[in-house]
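Reading through the structure tokens given below for one structure.
Start at 1 and go down the list; that is how both ligands and their atoms are numbered. None of the values given here were measured: they were computed from a predicted structure.
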Amino acid sequence: MTLDANRPDLVIGLVGTGAMGRGIAQIAAASGCAVVLVDSRDGAAAEARDYVVKMLSRLAEKGKLTAEALSAATQGLRVGSGMADLAACHVVVEAIVENLEVKRDLMRELEAIVSDDCIIASNTSSLSVTAIAAACRRPDRVAGFHFFNPVPLMKVVEVIDGVMTETWVAEALTVLARRMGHNPVKAQDTPGFIVNHAGRGYGTEALKLVGEGVADIATVDRILKGAAGFRMGPFELLDLTALDVSHPVMESIYDQYYQEPRYRPSPITRNRLAAGLLGRKTGRGFYVYEGDKAVAPPPPPVPDSRPDSVWVAPGDGWAAVATLAARLGATVEAGERPSKGALCVVAPLGEDCTSAAIRLGLDPRRTVAVDPLFGLDSHRTVMTNPLTGPAMRDAAHGLFVSDGIPASVVRDSPGFVAQRVVAAIVNIGCDIAQQAIATPGDIDKAVTLGLGYPAGPLAWGDKVGPDRIVAVLQAMLALTGDPRYRVSPWLRRRAALGVSLLTGE
Ligand code: NAI
């Protein structure tokens with residue numbers, strides 16, 4: 001069987017015309033497909049049609065849609081009076097309530113109406129496509145077609161094969177996605193598919209950092225935006241999605257992977273959810289909101305003090321940190337060992353400040369760590385160990401902000417904040433590749449378009465250096481003993497062979 005999804009007379013049915021259904025209807029209509037809207041709530045499909053026409057008219061006003069395309073799209077958008085009106089569809093996409101039994105009932109109902117070669121696609125974000133399809137007489141024509149909210153702006157869609165799905169189905173949906181101006185990525189039917197799986201590292205590792213007392217939420221957000229380049233901090237993001245959505249998703253993916261430690265949720269969000277601190281929509285989450293604006297506590301005051309002299313420990317990050325310290329006007333010692341009063345600066349990869357000070361035989365009271373990998377030019381991270389004296393800490397802080405670039409001071413952590421969070425994201429991305437859930441290229445495309453990260457996990461790992469990511473993870477594993485940080489075989493092999501995580505070259 002086959003379907004030419006580019007045929008001019010393609011008819012698409014949309015069942016469930018809420019936030020997602022109407023978004024999919026909009027891009028389908030704009031691409032010249034005829035669209036039939038059906039919803040179980042009286043009047044909902046008509047409301048959705050009005051909404052879509054309004055959105056398309058706006059696009060036409062802005063010159064983003066021609067008058068002819070607007071007119072064709074408007075004429076092609078029909079409100080179905082019931083399921084029977086879907087009989088002529090080539091593709092039906094369901095975007096009804098996220099409930100397996102309700103979706104399975106719908107599948108049975110649809111199969112009694114549409115032809116045998118009609119594709120039935122589900123926009124489910126968390127259910128198994130295979131389990132939905134299993135209700136069908138013909139599960140081979142059922143696939144996942146997972147869009148993101150808001151559909152017209154989020155230009156990526158996951159095309160998901162169930163266990164029984166035939167290849168022509170995903171091929172046709174891939175063509176249809178492109179016709180609608182979206183970037184299709186192909187995923188196996190696994191919990192979270194690509195985007196919601198790859199997104200596990202960011203929030204959970206940030207919660208782990210806060211849970212370990214490394215830094216407070218505002219500091220973690222500031223570092224990850226300023227040093228690693230994320231558009232939103234993890235806690236800002238949790239506040240935006242709201243804990244009543246994101247905490248259950250964290251639990252669900254963790255459980256669906258049979259308690260995989262990499263995805264372990266945090267008691268912090270469970271407690272805050274119980275307290276009703278959902279996020280922006282309730283006016284209080286990790287931050288307090290005035291309207292849409294978060295009231296973030298101001299960064300801690302910057303001390304005036306400076307070190308008498310600075311000694312930077314040899315190692316991977318030595319040159320970058322020593323050059324910076326000299327540029328900031330510090331007297332950088334050249335000796336093999338620090339002088340008696342010098343501030344000792346280590347620049348470790350993955351190692352915490354305590355371990356680095358002990359390994360190098362430094363006085364921990366005078367030792368701080370500076371992250372050499374992330375943010376030296378944009379937002380520096382200074383890390384103390386439990387014995388670092390307050391005067392040395394303040395002198396380091398004062399020095400590393402003296403050119404106006406911010407710096408945050410955090411407590412001891414293997415991999416500071418940014419190294420650690422980026423390593424967790426790269427490791428999970430590598431494991432998605434290892435499990436062949438998607439190709440490396442599609443993983444990176446899905447993550448950049450679906451999550452807006454500054455880079456896909458595999459390209460990011462390549463940029464930092466796979467061996468450095470391995471070093472960070474191994475140090476975390478050694479210090480904590482937590483299998484959450486075990487290195488994915490994909491990453492370990494490519495780091496050992498010295499080849500790219502993304503291309504294998
Ligand atoms: P929504 O609540 O805005 O819309 C659902 C619509 O389906 C409502 O209009 C409702 O009346 C209708 N409906 C419910 N049961 C029905 C049935 N048996 N037959 C016909 N119509 C029915 O929900 P939303 O957010 O649009 O989500 C829809 C689907 O898309 C869910 O599976 C959800 O998991 C998935 N999804 C949602 C995303 C989001 O950010 N909202 C993102 C990606 C996927």
Side-chain angles (χ1 to χ4, degrees), residues 13-28 35-52 55 79-86 89 92-114 120-129 131-133 135 142-160 162 173 177 180 182 184-185 187 189 191-199 237-238 240-246 248-249 252-253 256 279-281 446 449-452:
L14 248 311
V15 187
T17 58
M20 297 305 289
R22 58 182 63 184
I24 302 167
Q26 179 185 322
I27 59 169
V35 178
V36 185
L37 299 163
V38 174
D39 198 287
S40 58
R41 182 171 65 78
D42 275 351
E47 279 166 29
R49 184 181 186 279
D50 292 347
Y51 174 85
V52 172
M55 298 313 283
V79 174
S81 50
M83 289 292 184
D85 285 345
L86 299 169
C89 289
V92 173
V93 183
E94 74 77 15
I96 66 165
V97 59
E98 187 77 340
N99 176 303
L100 180 60
E101 276 322 306
V102 181
K103 287 203 196 278
R104 286 165 65 103
D105 287 346
L106 175 69
M107 292 292 134
R108 291 186 199 100
E109 204 179 336
L110 276 174
E111 273 204 314
I113 292 159
V114 298
I120 303 180
S122 171
N123 186 47
T124 182
S125 51
S126 64
L127 301 172
S128 152
V129 172
I132 295 171
V142 179
F145 206 28
H146 180 217
F147 289 86
F148 296 83
N149 196 14
V151 177
L153 299 182
M154 300 293 289
K155 301 259 181 209
V156 63
V157 54
E158 293 174 325
V159 177
I160 303 130
L173 290 176
M180 299 193 297
H182 269 47
V185 287
D189 185 18
F193 311 127
I194 309 173
V195 172
N196 288 340
H197 185 168
L237 190 62
L238 285 167
L240 180 67
T241 19
L243 284 190
D244 56 338
V245 176
S246 44
V249 170
S252 155
I253 294 199
Q256 288 187 73
R280 212 183 262 201
K281 71 182 181 189
L449 293 172
L451 296 171

Worksheet item: Can you find an N or O of Ala19 that's nearer than 3.5 Å to an N or O of ligand 1?
Response: yes

Response to the item:
If you scan protein heavy atoms around atom 16 (C) of ligand 1, the nearest is Ser40 OG, 3.3 Å

Discussion item. Below 4.0 Å, non-hydrogen atoms only: which portion of Asp105 touches ligand 1? Side chain, backbone, both or neither.
Written reply: neither

Discussion item. Can you tell me if Lys103 contacts ligand 1 (heavy atom of the residue under 4.0 Å from the ligand)?
Written reply: yes

Worksheet item: Does some non-hydrogen atom of the protein lie less than 4.0 angstrom from atom 4 (O) of ligand 1?
Response: yes

Identify every side-chain donor-acceptor pair in residues 79-86 under 3.5 Å, counting partners at least two apart or on other chains, and give the distances.
| residue | atom | partner | partner atom | Å |
| --- | --- | --- | --- | --- |
| Ser81 | OG | Asp85 | OD2 | 2.9 |
| Asp85 | OD2 | Ser81 | N | 2.7 |

Practice prompt. May I ask you to identify the nearest protein heavy atom to atom 37 (C) of ligand 1, giving residue, atom name and distance to one decimal place in Å?
Written response: Met20 CG, 3.4 Å

Fill in: atom 28 (C) of ligand 1: the protein heavy-atom neighbour that sits closest, reported with distance to 0.1 Å
Ala95 O, 3.1 Å

Discussion item. Can a donor-acceptor pair be found, under 3.5 Å and without considering hydrogens, that links the side chain of Glu98 to the backbone of Ser125?
Written reply: yes

Worksheet item: Is there a donor-acceptor pair closer than 3.5 Å between any side-chain N or O of Lys103 and the backbone N or O of Ile96?
Response: yes

Item to complete: Please identify each residue that fulfils side chain to side chain donor-acceptor pair (under 3.5 Å) with His182, with sequence neighbours left out.
Response: none

Worksheet entry | Best match, Val157, Asn123, Asn149, Val245: closest heavy atom to atom 30 (O) of ligand 1 | Asn123

Discussion item. With heavy-atom distances below 4.0 Å as the criterion, list the atoms of ligand 1 near Val97.
Written reply: 14 (C), 15 (N)

Worksheet item: Hey, are the side chains of Asp244 and Lys281 touching, using non-hydrogen atoms and a 4.5 Å cut-off?
Response: yes

Worksheet item: Can you check side chain to side chain contact (heavy atoms under 4.5 Å, CB included) on Val129 and Phe193, steps first, answer last?
Response: CA-CA 10 Å; Val129 172; Phe193 311 127; 4.1 Å; yes

Discussion item. Looking at ligand 1, would Asp39 count as a contact under a 4.0 Å heavy-atom criterion?
Written reply: yes

Worksheet item: With atoms numbered from 1 as shown, which atoms in ligand 1 lie under 4.0 angstrom from a non-hydrogen atom of His146?
Response: 43 (C), 44 (C)

Item to complete: Show which atoms of ligand 1 fall inside a sub-4.0 Å distance from at least one heavy-atom site of Val15.
Response: 20 (C)

Worksheet item: Would you find more than 12 non-hydrogen atoms of other residues, nucleotides or ligands less than 6.0 Å from Asn149 atom CG?
Response: yes

Item to complete: Please check if a non-hydrogen protein atom sits closer than 4.0 Å to atom 40 (O) of ligand 1.
Response: yes

Fill in: atom 7 (O) of ligand 1 - nearest protein heavy atom and its distance
Gly16 CA, 3.4 Å

Worksheet, complete the sentence: Of all protein heavy atoms, the one nearest atom 29 (C) of ligand 1 is Ile96 O, 3.2 Å

Fill in: 4.5 Å side-chain heavy-atom contact, Asn196 and His146
yes

Response to the item:
Checking heavy atoms under 4.0 Å, the part of Phe147 that sits near ligand 1 is backbone

Discussion item. Are the side chains of Ile24 and Phe145 in contact, using a 4.5 Å heavy-atom criterion?
Written reply: no

Worksheet item: Are side-chain heavy atoms of Ile120 and Met107 found at a separation under 4.5 Å?
Response: yes

Item to complete: Please check if the side chain of Arg41 supplies one atom and the backbone of Thr17 the other of a donor-acceptor pair under 3.5 Å.
Response: no

Discussion item. Does any N or O of ligand 1 fall below 3.5 Å from an N or O anywhere on Glu98, backbone included?
Written reply: yes

Discussion item. Would Leu106 count as being in polar contact with ligand 1, using the rule that some N or O on each side must be under 3.5 angstrom apart?
Written reply: no

